[in-house]
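Comments concern the structure below.
All heavy atoms count here, side chains included; hydrogens, waters and symmetry mates do not.
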Amino acid sequence: LSAPFVKPAQKDGYRSRSASQLSEVNEKDALIRPGMRILDLGSAPGGWSQVAGRIVGAKGRVLATDILPMDALLNVDFIQGDFTEDAIVQQLLDWLGGGRFDLIVSDIAPNITGISSADQASSIYFLELALDTVRKTLKPGATFVAKMFQGSGSDQYLKELRAHFDKVLIRKPAASRKESREVYLV
């Protein structure tokens with residue numbers, strides 16, 4: 001966690017600083033509402049799922065998925081595995097029961113190697129995989145929120161998003177480090 005948002009995230013009982021980031025984006029764009037069905041790609045340790053689960057309430061549900069384990073959360077179901085593998089995709093589709101998600105959020109980040117060009121390429125690759133899942137499982141007219149690191153490939157990815165969505169916004173929450181190339185796409 002990064003100061004000054006570590007203490008507020010911990011005070012609110014959140015698992016990670018990223019919870020503060022999603023909360024801030026949600027306050028600005030009113031993305032999450034009670035009763036929604038939400039997919040959280042790359043969910044561990046669960047900060048975004050925690051925020052979404054609190055808001056959707058008992059009539060809504062969040063499906064979180066990650067290759068890493070994640071502790072249980074209220075109003076959140078969890079599938080551990082790679083969301084691009086056929087078996088995991090099938091579990092996700094079974095969970096949906098023929099429906100579609102009202103919102104998909106993705107805070108996926110690759111394991112950082114320290115080689116910025118490789119890390120950036122991996123980050124864009126994960127965003128492309130997430131967009132593939134969005135095309136298959138998001139309701140028409142619904143919203144996708146994803147973390148992106150600005151750099152090589154990000155302009156092309158934005159162009160691709162604009163081809164699929166009527167409006168694409170770039171958000172830089174106060175909870176993100178000022179020097180970071182991290183932004184959130186809505």
Side-chain angles (χ1 to χ4, degrees), residues 1-3 5-26 31-32 36-56 60-96 101 103-116 118-138 144-149 151 153 157 173 175-177 180-185:
L1 295 175
S2 170
F5 291 92
V6 174
K7 296 234 184 289
Q10 290 172 340
K11 178 181 67 81
D12 292 337
Y14 289 124
R15 296 180 175 186
S16 64
R17 176 181 54 90
S18 66
S20 298
Q21 294 165 327
L22 180 59
S23 292
E24 188 177 333
V25 171
N26 188 56
L31 305 168
I32 307 169
M36 291 179 93
R37 291 195 320 168
I38 298 173
L39 175 61
D40 182 358
L41 295 171
S43 58
W48 283 28
S49 291
Q50 193 173 22
V51 169
R54 287 180 180 183
I55 297 170
V56 300
R61 206 75 190 159
V62 176
L63 177 60
T65 181
D66 201 301
I67 60 171
L68 300 172
M70 188 179 97
D71 291 337
L73 287 164
L74 187 64
N75 304 321
V76 178
D77 296 319
F78 178 67
I79 297 173
Q80 185 173 352
D82 182 338
F83 74 92
T84 64
E85 291 179 2
D86 290 341
I88 301 302
V89 170
Q90 191 56 55
Q91 286 181 49
L92 192 150
L93 293 172
D94 291 347
W95 186 92
L96 276 171
F101 290 105
L103 171 67
I104 296 178
V105 296
S106 174
D107 195 28
I108 295 174
N111 291 328
I112 302 301
T113 65
I115 303 168
S116 62
D119 293 340
Q120 181 65 22
S122 294
S123 177
I124 295 296
Y125 175 69
F126 282 129
L127 284 167
E128 289 171 351
L129 292 174
L131 184 56
D132 207 37
T133 300
V134 165
R135 286 193 284 256
K136 293 175 189 166
T137 62
L138 186 66
F144 172 47
V145 178
K147 174 172 59 181
M148 179 180 79
F149 294 97
Y157 186 75
S176 291
R177 294 178 184 97
S180 173
R181 295 176 298 121
E182 171 185 81
V183 295
Y184 290 87
L185 307 174

Is any side-chain heavy atom of [Y] closer than 4.5 Å to one of [X]?
X      : Y      : value
Gln80  : Thr65  : no
Thr137 : Ile104 : yes
Leu39  : Leu41  : yes
Phe144 : Ser106 : yes
Trp48  : Val62  : no
Met70  : Val76  : yes

What's the separation between atom [atom1] in [X] and atom [atom2] in [Y], rounded to the nearest 0.5 Å?
X      : Y      : atom1 : atom2 : result
Arg61  : Leu96  : CZ    : CG    : 13.5 Å
Ile67  : Glu85  : CD1   : CD    : 9.5 Å
Arg181 : Ser116 : CZ    : OG    : 7.0 Å
Gln50  : Leu74  : CD    : CG    : 10.0 Å
Asp119 : Ile124 : CG    : CD1   : 12.0 Å
Gln91  : Asp77  : CD    : CG    : 11.5 Å

Between [X] and [Y] (side chain of the first, backbone of the second, donor and acceptor by atom type, cut-off under 3.5 Å), is there such a pair?
X      : Y      : answer
Glu182 : Phe149 : no
Tyr157 : Leu127 : yes
Asn75  : Arg54  : no
Ser122 : Ala118 : yes
Asp40  : Ala64  : no

Only one of Ile55, Leu31, Val56 passes side chain to side chain contact (heavy atoms under 4.5 Å, CB included) with Ile38, and that residue is Val56

Look at the rings of Phe101 and Trp95 and say which category their plane angle falls in: under 30° parallel, 30 to 60° tilted, over 60° perpendicular.
parallel

Phe126 meets the side chain to side chain contact (heavy atoms under 4.5 Å, CB included) criterion, sequence neighbours left out, with Ile108, Pro110, Leu129

What is the minimum heavy-atom distance between [X] and [Y], and which atoms define it?
X      : Y      : answer
Tyr184 : Asp107 : OH-OD1, 3.6 Å
Leu73  : Gly46  : CD1-O, 3.6 Å
Asp82  : Thr84  : OD1-OG1, 2.6 Å
Val51  : Ser23  : CG2-OG, 3.5 Å

For the pair Gln90 and Asp94, evaluate side chain to side chain donor-acceptor pair (under 3.5 Å) and give the outcome as yes or no after the intermediate values.
CA-CA 6 Å; Gln90 191 56 55; Asp94 291 347; 2.7 Å; yes

Do Phe78 and Asp66 pass the side-chain contact (heavy atoms from CB on, under 4.5 Å) test, and can you show the C-alpha distance, the side-chain angles, and the key distance before you say yes or no?
CA-CA 8 Å; Phe78 178 67; Asp66 201 301; 4.1 Å; yes

